[in-house]
J.: 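One structure, as structure tokens, below. Some questions next.
Nothing here was measured: the structure is a model prediction, and the numbers come from that model. For the numbers below, each heavy atom of this structure counts, side chains included, while hydrogens, waters and symmetry mates do not.
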Amino acid sequence: MLELWDATKRIAYLPAASETVRVTESLNDQYFCSFTYPKIKGDEYKYDNITRGREIRFPNHVENGQRFIIRSVNEVRDGEKTYKSVDSMHVALTLGRYYYDGYIDFQAAVYPDEILSLLAEDTPFTFIVEGNFEPQDIWEWGEDSKLALLHKLVDLWKAELSFNNYEITFTKRKGVDSGKQIRRRKNMKGIKCTIDDSERVTRLYGYGKNGLTIEGYAGHTVKYIDSQYFDPNEPFMAKKEWADIEDQGKLLQEMQKYLAEYELPKVSYEVETLRLGEINVGDTVRIIDDALGYKVDGRLLEYDRYPFNKSQRPRLVLGNFRPLKTADYIFQATVSSKKAISYTSRNAVLKGIKYDDSITLVDGLGMRVSDNLDREMVRLGQTGPGEYGLAMFNKSGTKTIWQEAETGDANFAGKITASQIIGSYIAGTEINGGTITGALIRTNDGYPRSEMSVTDRLFAVYKDAFHSLAIVNLTVQNVPGVRFWDQQLNKTAYIYYDSETPELFVIAQGNVNIGATSGDVIIGGDSVMINGVNVNSTLNSLQFQIYSLDARVTALESAGS
């Protein structure tokens with residue numbers, strides 16, 4: 001049930017309001033809650049405390065625990081009944097009570113998080129940027145309510161807003177492909193389709209201050225721009241004036257924004273439906289009405305519902321529909337969910353299964369694969385200025401795997417987890433800036449294999465003799481031996497370690513049997529070095545003493561006999 005709060009504590013539960021609670025929400029715009037509360041004898045305390053400015057809270061399992069501020073209360077007498085009609089707005093909309101008195105005349109190449117931080121200052125709100133946004137130029141921004149300025153940023157970056165109490169997400173796309181269907185004779189009670197092209201524009205003439213146009217700017221030879229939907233047989237031409245704009249670049253930017261908003265007819269489906277389960281504004285829903293011939297996917301733009309009263313039918317308004325042309329076949333993939341897609345033309349073939357709202361398209365740079373938040377994950381083609389090949393990115397936009405255009409070298413950043421690496425030998429291999437874990441390294445002919453963890457660098461160098469092989473920063477775990485084979489010299493080296501002293505490293509040509517010896521051991525040429533001491537000289541000295549002792553013992557035995 002609803003809860004009534006003041007600034008510090010819960011005042012009361014409002015069970016008598018439950019049947020009338022209505023939530024009205026639209027994408028990037030309205031988010032309100034309304035209800036009526038009767039005046040009941042013995043319940044005057046709750047009734048009297050429902051006043052303007054108090055907070056209405058939903059429980060966590062209903063409406064995700066969202067909060068609303070009461071903005072108007074009207075007392076109504078209807079016969080013998082007296083009740084309050086209450087209207088409240090989501091707490092996120094109170095951002096409009098804050099004013100930003102700074103002003104940006106012009107600032108080039110700004111990212112949204114930079115300017116959103118200005119809106120968050122001296123407010124209880126936090127902003128989260130979700131998805132990859134290109135930098136934009138900011139013109140004449142500021143000296144207005146922070147909510148109005150936020151909507152200007154939404155228009156500039158073609159973004160959408162998601163509210164979670166005092167946390168506001170600035171995202172490429174709110175909602176998901178829900179997979180929900182509204183079908184006639186199943187959960188659809190009524191449907192109304194509205195198509196309006198009275199404001200549609202596919203060729204826009206733009207004018208700035210003193211008749212300024214874009215003609216002659218950045219290759220534009222005319223004073224208008226065309227939509228991709230412009231059809232000379234069915235044109236929709238119009239003009240728009242921006243009397244305060246004196247810069248051609250700014251004029252072109254405003255013309256492009258305006259055309260994007262009005263290039264398509266306004267098409268909406270208003271549906272009265274029964275239960276759909278969990279669904280949110282911004283989600284993609286399918287409408288199927290065989291009698292009217294409707295079978296469309298659309299986004300939920302407006303949603304009226306009664307969270308505590310399942311007998312009341314919710315009302316949905318779905319939109320963002322557009323006529324599809326041959327060039328729009330990719331759009332069919334972006335709005336389809338878990339369904340097979342097959343399209344064939346002279347120039348393109350698209351077949352496969354679409355699991356979510358990710359996008360795969362071919363643009364001027366090559367093939368681009370983006371996730372459902374329009375974050376670029378893979379680019380095949382031109383990956384940068386003068387660079388061509390393949391690049392992969394993580395969700396934060398950091399390049400993780402790429403090919404150097406000049407050398408053709410493959411690069412990786414981060415961690416590579418490998419199942420197995422098979423080869424006859426390892427030589428001339430350098431690994432920098434990453435970690436390989438869980439690798440199975442073995443030879444084709446079944447020689448001892450090992451599970452190794454290579455930290456920082458493994459560098460094998462062969463000179464004129466195999467004993468020059470160097471292993472740097474190598475950790476060998478739980479293996480009796482690892483074989484390395486030099487194909488050119490046709491020689492074999494082994495790395496050994498003792499289970500008692502795993503820090504021991506031995507590099508040798510041929511089999512070496514090492515006991516419980518600790519420290520660095522290097523075998524090469526005619527010397528054996530342990531911790532910097534030439535063991536060969538020590539062994540020779542010991543051998544000489546043993547020979548001497550043996551000679552003395554023999555002499556004593558001869559004398560005794």
Side-chain angles (χ1 to χ4, degrees), residues 109 111-112 129-136 157-158 171-173 177 326-338 340-424 426-441 452-460:
Y111 286 92
V129 177
E130 191 174 69
N132 290 331
F133 291 91
E134 296 296 325
Q136 299 287 344
W157 271 284
K158 303 302 178 191
T171 179
K172 280 284 188 179
R173 186 192 192 281
D177 194 322
T326 301
D328 294 320
Y329 70 90
I330 287 293
F331 178 74
Q332 298 177 1
T334 68
V335 299
S336 300
S337 174
K338 299 181 180 178
I341 305 164
S342 179
Y343 176 86
T344 305
S345 73
R346 292 182 180 180
N347 301 316
V349 176
L350 175 64
K351 294 182 178 180
I353 297 176
K354 195 73 172 60
Y355 293 106
D356 53 29
D357 287 322
S358 59
I359 301 173
T360 302
L361 56 80
V362 176
D363 56 23
L365 300 178
M367 178 174 286
R368 179 180 188 266
V369 180
S370 304
D371 66 6
N372 61 339
L373 295 176
D374 198 30
R375 294 176 293 205
E376 186 173 32
M377 306 302 294
V378 180
R379 167 67 70 177
L380 178 61
Q382 189 170 5
T383 59
E387 297 183 358
Y388 304 87
L390 171 69
M392 300 177 68
F393 307 85
N394 61 20
K395 291 183 177 181
S396 65
T398 302
K399 192 185 295 183
T400 56
I401 298 178
W402 69 98
Q403 181 185 29
E404 291 290 350
E406 294 294 330
T407 64
D409 292 343
N411 298 273
F412 79 93
K415 178 180 178 181
I416 292 180
T417 302
S419 57
Q420 63 178 351
I421 302 173
I422 302 175
S424 56
I426 301 176
T429 301
E430 181 172 356
I431 301 173
N432 284 313
T435 302
I436 299 178
T437 61
L440 175 61
I441 302 178
M452 308 177 66
S453 174
V454 182
T455 59
D456 189 37
R457 177 179 293 186
L458 167 59
F459 199 173

J.: How about K399 and F393: do any of their side-chain heavy atoms sit closer than 4.5 Å?
T.: yes

J.: May I have the step-by-step check of side chain to side chain donor-acceptor pair (under 3.5 Å) for T171 and R173, ending in yes or no?
T.: CA-CA 5 Å; T171 179; R173 186 192 192 281; over 6 Å; no

J.: Side-chain contact test, heavy atoms from C-beta onward, threshold under 4.5 Å: evaluate it for R368 versus E376 and give yes or no.
T.: yes

J.: Rounded to the nearest 0.5 Å, how far does CD1 of I401 lie from CE of M392?
T.: 5.0 Å

J.: Would you compute the distance between atom NZ of K158 and atom CD of Q136 and round it to the nearest 0.5 angstrom?
T.: 9.5 Å

J.: Roughly how far, to the nearest 0.5 Å, is the OG1 atom of T400 from the CE atom of M377?
T.: 7.5 Å

J.: Measure across G131 and K172 and return the closest heavy-atom pair with its distance rounded to 0.1 Å.
T.: CA-CG, 4.3 Å

J.: My understanding is that only residues two or more places apart in sequence, or in another chain, count here; which of them pass side chain to side chain donor-acceptor pair (under 3.5 Å) with W157?
T.: none

